[in-house]
Q: 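Handing you a structure now.
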Amino acid sequence: KAGVTQTPRYLIKTRGQQVTLSCSPISGHRSVSWYQQTPGQGLQFLFEYFSETQRNKGNFPGRFSGRQFSNSRSEMNVSTLELGDSALYLCASSLSGDSTDTQYFGPGTRLTVL
Amino acid sequence: DQQVKQNSPSLSVQEGRISILNCDYTNSMFDYFLWYKKYPAEGPTFLISISSIKDKNEDGRFTVFLNKSAKHLSLHIVPSQPGDSAVYFCAGDDKIIFGKGTRLHILP
């Protein structure tokens with residue numbers, strides 16, 4: 001079974017631009033969560049989607065948004081990029097998103113904002 | 001407000017000895033905890049979990065202990081192996097709350 005895939009793996013943008021990251025979950029998984037990882041803050045939850053609906057949202061500004069498609073693939077968008085948005089963005093999928101459900105993470109997209 | 005804290009950013013342990021990684025939490029409503037392991041350039045992988053109704057869960061070389069009164073959990077790795085060198089994250093409740101991670105170095 002193929003794992004979680006994320007594209008692109010690396011991205012360089014400049015301040016003020018916007019970016020879209022993509023995540024394809026494991027086949028059959030309906031929950032997709034997004035996390036931001038930075039050296040200072042560790043892993044921080046952005047949002048979770050289940051059946052095309054945002055089910056949970058972390059404490060991030062409205063510049064960070066996401067969506068999920070009917071095939072469970074998900075995208076996240078960051079508008080008006082800031083230097084502090086440079087981070088590793090991870091997505092994780094699980095069958096139902098229940099707390100006891102194992103999450104499987106993708107390799108991440110490394111975003112650098114110049 | 002950090003609800004899950006891993007106070008040791010790094011830890012070095014001799015190969016073959018026991019590695020103990022610690023995690024403290026503040027939210028007594030958490031009812032499920034997980035540990036993840038992360039290698040560079042890879043996403044975290046699930047390692048072991050524990051429900052709040054238990055105080056210990058074991059899986060091979062990995063054991064997680066939960067002390068609810070102290071709001072503390074720990075991950076024990078025995079014996080430590082070179083492949084255990086990684087960053088370890090603990091997470092609480094619905095996996096939304098992660099600690100900042102502890103980098104474990106296994107020394108030859």
Side-chain angles (χ1 to χ4, degrees), chain A residues 2-10 21-26 29 31-50 54-60 74 87-112, chain B residues 1-11 21-54 57 59 62 64 66 73 86-104:
Chain A
V4 178
T5 57
Q6 291 186 246
T7 55
R9 291 293 310 276
Y10 302 92
L21 312 181
S22 180
C23 172
S24 292
I26 290 173
H29 285 192
S31 168
V32 174
S33 296
W34 288 89
Y35 296 86
Q36 182 195 64
Q37 185 188 6
T38 57
Q41 296 300 320
L43 269 168
Q44 291 187 289
F45 172 76
L46 279 154
F47 26 66
E48 183 211 1
Y49 286 87
F50 181 81
Q54 188 180 87
R55 192 157 69 171
N56 262 309
K57 190 176 190 308
N59 190 25
F60 277 81
S74 178
L88 180 68
Y89 290 89
L90 293 157
C91 87
S93 76
S94 64
L95 277 169
S96 66
D98 289 343
S99 60
T100 57
D101 234 2
T102 299
Q103 282 195 120
Y104 296 86
F105 282 82
T109 293
R110 172 75 60 186
L111 172 65
T112 302
Chain B
D1 174 32
Q2 210 182 332
Q3 297 188 56
V4 175
K5 293 183 183 179
Q6 293 178 258
N7 292 318
S8 300
S10 68
L11 176 69
L21 295 99
N22 294 302
C23 184
D24 296 302
Y25 62 96
T26 57
N27 190 338
S28 57
M29 299 300 289
F30 285 167
D31 58 9
Y32 199 71
F33 300 91
L34 307 96
W35 284 93
Y36 286 83
K37 173 179 176 179
K38 185 180 184 302
Y39 293 119
E42 294 182 15
T45 54
F46 169 75
L47 200 54
I48 191 169
S49 63
I50 188 166
S51 164
S52 62
I53 63 173
K54 295 186 174 182
N57 189 27
D59 183 4
F62 303 91
V64 56
L66 176 61
L73 62 154
V87 178
Y88 291 79
F89 293 96
C90 68
D93 198 48
D94 279 337
K95 304 150 288 186
I96 292 173
I97 312 295
F98 277 80
K100 292 187 178 182
T102 296
R103 184 176 299 277
L104 176 63

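Please read these numbers as outputs of a predicted model, since none were measured by experiment. Naming convention: chains lettered A, B, ... in sequence-line order (proteins, then strands); numbering from 1 in each chain.
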Q: Considering only heavy atoms, which portion of A:L46 lies under 4.5 Å from any heavy atom of chain B: side chain, backbone, both, or neither?
A: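 Neither; nothing under 4.5 Å.
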
Q: Identify which part of A:R110 has an atom lying under 4.5 Å from any heavy atom of chain B, answering side chain, backbone, both or neither.
A: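 Neither part.
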
Q: Between A:L43 and chain B, which part of the residue has a heavy atom less than 4.5 Å away: side chain, backbone, both or neither?
A: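 Contact with chain B involves both backbone and side-chain atoms of A:L43.
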
Q: Check for a donor-acceptor pair, side chain of A:Q44 on one end and backbone N or O of A:Q36 on the other, with a separation under 3.5 Å.
A: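 Not confirmed, A:Q44 side chain does not pair with A:Q36 backbone.
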
Q: Donor-acceptor pair, distance only, cut-off 3.5 Å: does the side chain of A:S31 make one with the backbone of A:F50?
A: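 Pair absent, no side-chain N/O of A:S31 close to backbone of A:F50.
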
Q: Nearest 0.5 Å please: distance from the CH2 atom of B:W35 over to the OG atom of B:S49.
A: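 It is 12.5 Å, given to the nearest 0.5 Å.
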
Q: I want to check something: taking the side chain as every heavy atom from C-beta on, are A:L21 and A:Q6 in contact at a cut-off of under 4.5 Å?
A: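 They are not in contact (no side-chain heavy atoms under 4.5 Å apart), so the answer is no.
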
